[in-house]
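Some notes on the structure that comes next.
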Amino acid sequence: MTTRSCPCGLPEPYESCCGRYHRGPAAAPSAEALMRSRYSAFVRQDAGYLLRTWHPRTRPERLDLDAGTRWTGLEILGTTDGSAFHRTGTVTFRASYRGGSLHERSRFERVDGAWVYVDGDFLA
């Protein structure tokens, strides 16, 4: 049996990496871990997880994912704060998909002890 590595780019199998956050009840321990798990949720078309980990203040009512998008890789370019010792953090990343890439600096906050995505700025 071959175990596929997690879509987030870490060498661990999906089930013991981002899969444990997607299934719950484990929560991502840092802003970067949440960013990675959200990328994996996009890859796996898990809109429920994406909505659950979105800040209530900025969360859309619904999320329609494009089943035709083929995500091909995640590169973390930088982080600011976002550890267990912080209330906020940022993660700058490049997410590649067939035909292009998305470059963003995302903002995260802790709500009731759990990291959530707030919003982001697209970068050139």
Side-chain angles (χ1 to χ4, degrees):
M1 177 176 131
T2 57
T3 304
R4 293 182 30 209
S5 60
C6 192
C8 80
L10 295 177
E12 298 176 54
Y14 165 78
E15 291 301 322
S16 60
C17 192
C18 293
R20 63 190 162 145
Y21 306 134
H22 293 174
R23 287 187 314 275
S30 67
E32 180 180 337
L34 181 63
M35 174 63 238
R36 288 180 178 280
S37 71
R38 285 177 57 84
Y39 171 82
S40 291
F42 274 103
V43 170
R44 298 178 66 90
Q45 298 279 301
D46 187 346
Y49 180 78
L50 292 166
L51 289 170
R52 284 192 309 277
T53 58
W54 209 310
H55 197 292
R57 182 176 74 238
T58 57
R59 179 177 41 225
E61 279 189 37
R62 55 182 278 172
L63 187 60
D64 296 319
L65 299 176
D66 182 354
T69 301
R70 295 292 174 246
W71 296 98
T72 58
L74 176 66
E75 180 183 6
I76 302 296
L77 303 172
T79 61
T80 304
D81 298 335
S83 76
F85 302 105
H86 301 107
R87 292 188 33 78
T88 63
T90 64
V91 178
T92 303
F93 67 93
R94 181 173 292 112
S96 300
Y97 55 90
R98 192 172 297 144
S101 67
L102 170 71
H103 188 191
E104 181 177 312
R105 180 176 300 113
S106 295
R107 283 179 284 282
F108 298 88
E109 289 182 15
R110 288 187 359 148
V111 174
D112 297 329
W115 285 105
V116 292
Y117 169 78
V118 177
D119 61 16
D121 296 320
F122 294 113
L123 306 172

N-O pairing of D121 and R107 below 4.0 Å: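 Here D121 pairs with R107 in a salt bridge, since their nearest N and O are under 4.0 Å apart.
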Do side-chain atoms of [X] reach the backbone of [Y] as a donor and acceptor pair under 3.5 angstrom?
| X | Y | answer |
| --- | --- | --- |
| T58 | V118 | yes |
| R36 | C8 | yes |
| H55 | V116 | no |
| R20 | S16 | yes |
| Y21 | P29 | no |
| S40 | S37 | no |

R105 vs F122, side-chain contact (heavy atoms from CB on, under 4.5 Å): CA-CA, chis, key distance, verdict: CA-CA 7 Å; R105 180 176 300 113; F122 294 113; over 6 Å; no
Inter-residue atom distance L102.CG - F42.CZ, 0.5 Å rounding: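 Those atoms lie 8.5 Å apart.
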Distance in Å, R87 CZ paired with W115 CH2, rounded so as to fall on 0.5 Å steps: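 It is 9.0 Å, given to the nearest 0.5 Å.
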Whether Y97 and W71 hold their rings parallel, tilted or perpendicular, with breakpoints at 30° and 60°: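 The arrangement is perpendicular - the two ring planes meet at more than 60°.
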[X] versus [Y]: any side-chain heavy-atom pair under 4.5 Å?
| X | Y | answer |
| --- | --- | --- |
| E109 | R57 | yes |
| L34 | T53 | yes |
| Y14 | R44 | yes |
| L123 | E104 | no |
| S101 | F93 | no |

Residue pair T72 / R98, side-chain donor-acceptor N/O under 3.5 Å: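 Side-chain D/A pair, T72 to R98: absent.
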Y117/W54 aromatic ring centres below 6.0 Å: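 Yes: the rings meet the under 6.0 Å criterion.
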